[in-house]
Amino acid sequence: MPTRKNLRLVAATAAAVALTGGLLTVTAGTASAAPAKYADDFNGDGYRDYATGGSGSVTVTYGTASGPGTKVKTFTQNSAGIPGTAGDSGGYADMFGDSLAAADFNRDGYADLAVGDGSEKVGSRVAAGAVTIVWGSTSGLSSTATRVPLKSPHAGYEFGASLATGDFNGDGKVDLAVTDVESVYIYRGGFAKAGTTGKVTRHTPAPGADNMLEPAGLVAGKVTKDAATDLYVLGQGYRNDKATSVAWFLRGGSTVKAGKFTTYNTSSPNYGPSGVIADFDKNGYGDLAVGDHPYNKGAGAVYVLRGGSGGPATGYRLTQGSAGVVTGATGGDAFGAALSAGDTNRDGYPDLAVGVPGEKIGTAKHAGGVHVLRGGKKGLTGTGSQWFSLRTAGVPGNATEYSGFGWFVRLRDLDRDGDADLLASEGAYLPSGVLLPGGTKGITAASARLIPLRAAFPQ
């Protein structure tokens, strides 16, 4: 049995046996001839939408031809059609919305949203956890929602604490990966608004000296060159009775196979890891970038695990001491607390936004900022990197103590001009972010502006 009471000690940043029956169920249904073009187009209008959540609620900002629009909807477990009980339970803060994953689960042309709630009480089982799929429709996310089945919920296991989507078995249907404090469950498509899912498998590391793991995050993407989506499980490991930070590779395929364990921090656990998969060197294999913000007394780092034909290959580490990175490493900077990948300068290589929410700006402690590291033939480097804070010329706002700018970051083409833009937000759950557009020379502060959207929507 797990002994920790709440996996969210730090995770506010953010990110099987066959199981059928149990709670409200989801079934395979008739596949649509035209599933949603975008995994997050909840109203099927051809534009990406933006779901952010945390502390008991989910807010959706609907997209338009020019980016995020003014139509906004917020729902909780008190909203019509949403199952479960809102509010704190048994010493656990309400975690509904702390994990989100978007996909057209039932292939009807409207994207849907899986919402995790590790704090949900199931029967008498406090914090057994639950996952709810809120279904998309012509009007967006609707009041129709379905609980994902879990055969044997356990008190304190926080099912739903992390979510990820992908075609993990390569059959063309979207699947859903869910963690509790011990395992990863992969629910195969298809899904429908009533019934059962496809096959469900449970994946737990075999006990051993170097491969014990408490999952704290999931990162899905193409690592190898086959058709299936692969999965990294990020979490807290143990070696010689010391807590470590690890990444466990699960290779997608007709049978999802357990792969290599990589311990990227041998002395400090990472309760709120941030990670993303992108082909930073364009060799055809996806690389994992994972934030290691506890590294070096909290100065932080980004660990990059290169992809290869069999999965993870060699790795390297980037810090604020790497060549070309303009700020220096200081304890508590938390370099790597948030990550997001995208091509910001149209050179064809993904770049990486790195949040540094603990960075001191002038005399303001923990005011924070964001680095943008460049991808290239040699992978990610600090050469040509960019740095932005709330004291960068042209960036709106004011760098104040403990504001934690860069606690949330996203790279996405928000203005729909063909390159990734940077959206960065402060550490508080403020419903706003600073948008810095991308261009042929990278991110620019020249036309930066504040928008009512937090940089915490699914990657």
Does Leu113 reach the side chain of Leu100, with side-chain heavy atoms less than 4.5 Å apart?
-> yes
Minimal heavy-atom distance between Gly90 and Val126, with the atoms involved, is CA-CG1, 3.9 Å
Next on the checklist: Just so I know, are the side chains of Asp167 and Asn169 near enough to count as touching, which here means a heavy-atom distance under 4.5 Å?
Outcome noted: yes
- Task: Kindly indicate whether a cation-pi arrangement holds for Lys260 with Phe249, taking the cut-offs as under 6.0 Å to the six-membered ring centre and within 45° of the axis.
- Result: no
Scanning both residues in full, the closest heavy-atom pair of Asn265 with Thr244 reads O-CB, 3.2 Å
Criterion side chain to side chain contact (heavy atoms under 4.5 Å, CB included) on Val223 and Ile277, from CA distance to verdict
CA-CA 8 Å; Val223 177; Ile277 293 172; 4.0 Å; yes
Residues Pro153 and Ala128: closest non-hydrogen pair is CB-CB, 3.9 Å
Closest non-hydrogen atoms of Tyr271 and Ala216, given as atom of the first, atom of the second and distance, are O-CB, 3.7 Å
Here the gap from His203 atom NE2 to Ile186 atom CD1, rounded to the nearest 0.5 Å, amounts to 4.0 Å
field: Exam field: side chain Ser119 to backbone Met95, donor-acceptor pair closer than 3.5 Å
entry: yes
CG of Asp421 to CZ of Arg412, rounded to nearest 0.5 Å, is 11.0 Å
Report task. Would you kindly say whether Asp180 and Tyr185 are connected by a side-chain donor-acceptor distance under 3.5 Å? Result -> yes
Legend entry - From CA spacing to verdict: side-chain hydrogen bond (donor to acceptor under 3.5 Å, both in side chains), Gln459, Ser340: CA-CA 7 Å; Gln459 304 251 23; Ser340 187; 2.8 Å; yes
Interatomic distance, CG@Leu352 vs OG@Ser385, rounded to 0.5 Å, equals 11.0 Å
Practice item. Would you sort out whether Val290 and Val219 count as a side chain to side chain contact (heavy atoms under 4.5 Å, CB included), showing the intermediate values? Key: CA-CA 9 Å; Val290 57; Val219 187; over 6 Å; no
Here the gap from Thr204 atom OG1 to Glu182 atom CD, rounded to the nearest 0.5 Å, amounts to 6.5 Å
Would Asp347 and Arg374 pass as an ion pair if we require N to O under 4.0 Å? no
Would you be so kind as to tabulate the donor-acceptor pairs closer than 3.5 Å made by side chains of residues 303-310, with sequence neighbours excluded?
from	atom 1	to	atom 2	distance (Å)
Arg306	NH1	Thr314	OG1	2.9

Applying salt bridge (Lys or Arg N to Asp or Glu O under 4.0 Å), run through Arg317 and Asp292 and close with a yes or a no. CA-CA 9 Å; Arg317 189 180 298 275; Asp292 185 13; 2.8 Å; yes
Give a yes or no answer on whether the side chain of Thr262 reaches the backbone of Tyr264 with a donor-acceptor pair at less than 3.5 Å. no
Do Asp351 side-chain atoms and Gly375 backbone N/O form a donor-acceptor pair below 3.5 Å?
-> yes
Those residues at least two apart in sequence (or on a different chain) that pass ring-ring contact (aromatic ring centres under 6.0 Å, His included) with Phe42 are none
Exercise. Could you please spell out the steps behind the side chain to side chain contact (heavy atoms under 4.5 Å, CB included) verdict for Leu150 and Val122?
Key: CA-CA 10 Å; Leu150 177 63; Val122 180; over 6 Å; no
Determine yes or no for a side-chain-to-main-chain donor-acceptor pair under 3.5 angstrom, with Ser245 supplying the side chain and Ser268 the backbone. yes
So that I can tick it off, tell me whether Arg48 and Asp413 are bridged by a salt bridge, with the cut-off set at under 4.0 angstrom between side-chain N and carboxylate O. no
- Indicate yes or no for a side-chain donor-acceptor contact from Asp41 to the backbone of Ala111 under 3.5 Å, with no hydrogens or angles considered. no
Derivation of the side-chain hydrogen bond (donor to acceptor under 3.5 Å, both in side chains) call for Thr400 and Asn398: CA-CA 6 Å; Thr400 58; Asn398 184 30; 5.8 Å; no
Rounded to the nearest 0.5 angstrom, the NZ-CG distance for Lys441 and Asn345 is 12.0 Å
- Message: Looking at Thr383 and Gly324, would you say the former's side chain and the latter's main chain have a donor-acceptor pair under 3.5 Å?
- Response: no
Original post:
Do the side chain of Ser274 and the main chain of Leu339 share a donor and acceptor less than 3.5 angstrom apart?
Top reply: yes
Residues 356-372 side chain polar contacts: donor-acceptor under 3.5 Å, at least two apart:
from	atom 1	to	atom 2	distance (Å)
His366	ND1	Gly358	O	3.4
His371	NE2	Thr327	OG1	2.7

query: Backbone N or O of Gly442 within a donor-acceptor pair of the Gln386 side chain at under 3.5 Å?
result: no
Note: Thr392 and Ala445 closest approach over all heavy atoms is CG2-CB, 4.5 Å
- Task: Determine yes or no for a side-chain-to-main-chain donor-acceptor pair under 3.5 angstrom, with Thr165 supplying the side chain and Ala101 the backbone.
- Result: no
Rounded to the nearest 0.5 Å, the CG atom of Asp281 sits from the OG1 atom of Thr381 at a distance of 11.5 Å
Practice problem: Verify side chain to side chain contact (heavy atoms under 4.5 Å, CB included) between Phe408 and Leu423, making sure each step is shown before the conclusion. | Solution: CA-CA 8 Å; Phe408 303 99; Leu423 184 67; over 6 Å; no
- Item | Exam field: side chain Asp333 to backbone Gly300, donor-acceptor pair closer than 3.5 Å | no
Nearest heavy-atom contact between Leu373 and Val354 is CD1-CG2, 4.0 Å
ask   = Quick one: are Phe96 and Ile82 in side-chain contact, heavy atoms under 4.5 Å?
value = yes
Point to revise | Residue pair Tyr295, Asn270: steps toward the side-chain hydrogen bond (donor to acceptor under 3.5 Å, both in side chains) verdict | key: CA-CA 9 Å; Tyr295 178 78; Asn270 190 347; over 6 Å; no
Does any non-hydrogen side-chain atom of Val148 lie less than 4.5 Å from one of Val178? no
